[in-house]
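Report on one structure; see the data block that follows.
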Amino acid sequence: MEGLRRSSVFQAGQKIAKTLQDQLANPSEWPRLKSTRSNIRISQFNLAGLSRLEGETGLRSHNETLTYLVENSRQENLVLPASLKLIFADDRPVCLCGPSGSGKSLFLKSFLPNIPGPIFLVDLGDEHKGLKRLGVGDFFEVKWGRAESDVRLKFVPSSNLDVSKGELRTIFSHLNMVKMDGHRPDKFPSGILCKWVIIVEEAHRFLSVWTGFIPEFSCSSPAFT
């Protein structure tokens with residue numbers, strides 16, 4: 001009977017965890033989740049470690065310390081293998097990274113057809129087929145808010161690095177203005193770019209060009225490097 005009771009408790013806990021994870025995928029649920037408290041069982045060893053970290057960092061509670069650990073592991077120290085599920089788990093920018101020859105370009109080529117559009121790709125080597133190639137001036141004619149899921153656009157920068165930076169600076173300056181059209185601070189994501197997927201190949205080469213586009217960007221926007 002004791003074993004059955006423990007199994008029942010475990011299954012109930014798993015069900016609750018699954019429900020919470022589903023709710024976590026919905027940004028509108030975040031305020032409620034952050035303000036609702038739960039009791040959990042942890043070892044005294046982990047509780048002691050949590051308390052020590054709390055004192056070392058100056059965080060004010062066990063909950064704040066756990067938040068720090070979750071966010072830190074997810075954003076800084078944990079490098080996960082690339083997959084569509086992870087890339088589109090939420091709307092934060094994603095960096096696809098790895099040493100030369102590790103398969104970054106191959107991964108992009110193989111999964112690009114499966115991305116739900118609309119898509120805008122900065123295609124440095126003009127390697128990706130099936131996307132409409134635009135010039136710098138063409139971007140001012142794009143109906144960003146009316147684009148359907150099958151719209152796939154790309155821009156091929158100049159092979160001259162200085163020229164390409166100027167081209168991309170023009171494009172992202174325009175997108176910086178476009179993204180604010182229809183934007184609502186109380187809705188996430190919002191704005192006419194909220195359905196777009198924006199991919200920048202070799203993004204580290206153009207940091208000064210597009211990083212200003214990211215902080216307030218509220219859409220699915222993987223940036224590849």
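All figures in this text were calculated on a predicted structure; none of them were measured in a lab.
Of all heavy-atom pairs spanning G125 and E201, the tightest one is N-OE1, 4.3 Å. Smallest separation of non-hydrogen atoms from H62 and S51: CE1-OG, 3.3 Å. For the pair S158 and V163, the tightest heavy-atom approach, listed with the atom from each and the gap, is CB-CG1, 3.6 Å. Looking at every heavy atom in both residues, D123 comes nearest to P157 through O-CD, 3.7 Å. Summarising the geometry of F155 relative to L134, their closest heavy-atom pair is CD1-O, 3.2 Å, with the distance given to 0.1 Å. Residues I119 and L131 come closest through the heavy atom pair CG2-CD2, 4.5 Å.
Under the salt bridge (charged side-chain N to carboxylate O under 4.0 Å, His left out) criterion, R32 pairs with E29, not counting sequence neighbours.
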Working for side-chain contact (heavy atoms from CB on, under 4.5 Å), residues K154 and D126: CA-CA 9 Å; K154 73 174 182 179; D126 195 14; 2.6 Å; yes
List the steps and the verdict of side-chain contact (heavy atoms from CB on, under 4.5 Å) for L108 and H128. CA-CA 9 Å; L108 177 56; H128 301 281; 3.8 Å; yes
Steps toward side-chain contact (heavy atoms from CB on, under 4.5 Å) verdict (W144, V151): CA-CA 10 Å; W144 298 95; V151 174; over 6 Å; no
Test side-chain contact (heavy atoms from CB on, under 4.5 Å) on L121 and I198; report intermediate values, then the result. CA-CA 6 Å; L121 166 68; I198 297 179; over 6 Å; no
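Side-chain atoms of F111 and L106, non-hydrogen and from C-beta on, never get closer than 4.5 Å to each other. Residues V142 and V178 form no side-chain contact, since every pair of their non-hydrogen atoms from C-beta on lies 4.5 Å or further apart.
R37 places a side-chain N or O within 3.5 Å of a backbone atom of K34 that can act as its donor or acceptor partner. R60 contributes no side-chain N or O that, together with a main-chain N or O of E54, makes up a donor-acceptor pair within less than 3.5 Å.
Interatomic distance, W196 CH2 to K179 NZ, rounded to the nearest 0.5 Å: 16.0 Å.
Defined by atom type and a distance below 3.5 Å, a donor-acceptor pair is missing between the side-chain atoms of S61 and N63.
The pair D138-K132 does not meet the salt-bridge criterion, since no charged nitrogen lies less than 4.0 angstrom from a carboxylate oxygen.
A ring-centre distance under 6.0 Å is found for F120 and F139.
Residue F140 places its CZ atom among more than 12 non-hydrogen atoms of other residues, nucleotides or ligands, all under 6.0 Å distant.
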